[in-house]
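No hydrogens, no waters, no symmetry mates; every other heavy atom, side chains included, goes into these values. Both ligands and their constituent atoms are indexed starting at 1 by order of listing.
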Amino acid sequence: MKLFSWYFKTNLLIRILSGLILGAVCGIAFGPAMVWVTPFGDIFIRMLKMIVMPVIIFTLTVGAASVHPAQLGRVGAKALGIYMITTAFAVSFGLICGNLFKPGQGMQIAASATKGIKGDIATPSLVDTLINIVPVNPFGAVAEGNVLPVIFFFLLFGIGLAYIRNSEDEKISQSGEAVFRFFNGGAEIMYLVVNWILQYAPIGVFALIADVFGKQGAEAFGPLGFTTLAVYVGFIGHMVLVYGGMLLFFGINPILFFSKAKEAIITAFVTRSSGGTLPVSIGIAENKMGISQGVHSFSLPLGATINMDGTAIYQGVCAIFVGFAIGTPLDFSQQVTIIATSLLASIGTAGVPGAGAIMLLMVLSSVGLTVEPGSPVVLAYAMIFGIDALLDMGRTACNVTGDLAVTCIVAKTEGEMDMSAWYEDESAILPDPAIEDCS
Ligand code: ASP
């Protein structure tokens, strides 16, 4: 019982960090023997995934319906524009890091070395990804967990609700108000449930990290050390220079920003899913950053789906790695092509673990590095794929930081940010008396 009350009384971040460190230590110490913890990590991921759709449906509807349609158009265009700009920076950053560190140089993977490796992985079509944004059946999209079509539909629904609420016909506006209140109540409930799920986070984090380190061991840092280093220098450089610089430019203290965003960054790091981290990001935007629902409920789900700066950096570095590894380094024009395709590929990357590695296939094939059976590209690709979990952790953390940073900038410039929230005590994302009671 004492342990139980200690658990709930200790600061959430300290608990999550303890889970992280303990997980890494146990994973390295016990190796694959730690496999028994896998279900505990799976439960955490499942709980986050469970809450994603309801959170998007309620908060996006309420958010879109709270804003005047004219203003919503501006917020949307602004968020989209800034997302694109930061991603273009990110790909360039990735290429710069790749050229600086030259991962894979001197490896000379020969075609003969790849005999017997089968690489018949289908390259996803970008046009299909874009067309699929419009759902044939919105409820089917909800059931299948396709975030982008769900955003598309509930955004329309919310905008429609905004018109109905503001209707001059009193009867219509009253029914609009009733629907709005229902969704608003649902959104509040979702915030509460997210907070409950977060109480489990430290255990889930421990299990996920122990699993990764148990399977890959510390040696994962060995042969691909330079790729890992280049990618992480890119992530951290982008987070500090691009996001930090932009926040500073718009009058937001970057240090305060990172201190407020830390739970989301850590959740992203361990879950490797922008979509899964969305409930945490929304909680932070709402309760710690004072961002209005009208902005965050639209900007964050959109960012979690299309804004993948970490993924873009990773794709730039890995394309360079593959070029070096097979002994034909990418030339300048190929690198320019990589900028364009990585930008598009990162938009089409789903916010789930490992998605960026699949989209990397599209990026590679755009410069003639096709992953075909027997080609040296397969082996180089397989090598990076082997350490994908490590790379995915950093890129997802970078992706989520970008979503929050851009959302802050949009909110600040639209006058939709309550700055007093930035200087308040922030012991919890959501203060929840129910949790205190059970300790
Ligand atoms: N795991 C990443 C995310 O959810 C996507 C990726 O694999 O690059 O943001």
Pairs of donor and acceptor atoms involving the side chains of residues 76-83, under 3.5 Å and at least two apart or interchain, shall be tabulated with distances.
residue	atom	partner	partner atom	Å
Lys78	NZ	Thr413	OG1	3.0
Lys78	NZ	Glu414	OE2	2.8
Tyr83	OH	Ser299	O	2.8
Tyr83	OH	Ser299	OG	3.2

Can Asp403 and Ser274 be counted as having a side-chain donor-acceptor contact under 3.5 angstrom? no

Which class fits the ring pair Phe226 and Phe101: parallel under 30°, tilted 30 to 60°, perpendicular over 60°? tilted

List by chain and number: which residues place a heavy atom under 4.0 Å from ligand 1? Arg272, Ser273, Ser274, Met308, Thr311, Thr349, Ala350, Gly351, Val352, Pro353, Gly354, Ala355, Gly356, Asp392, Arg395, Thr396, Asn399

Is the CZ atom of Phe89 crowded by more than 12 outside heavy atoms at less than 6.0 Å? no

Within a radius of less than 6.0 Å around CZ of Phe258, do more than 12 heavy atoms belonging to other residues, nucleotides or ligands occur? yes

Just so I know, are the side chains of Cys398 and Tyr232 near enough to count as touching, which here means a heavy-atom distance under 4.5 Å? no

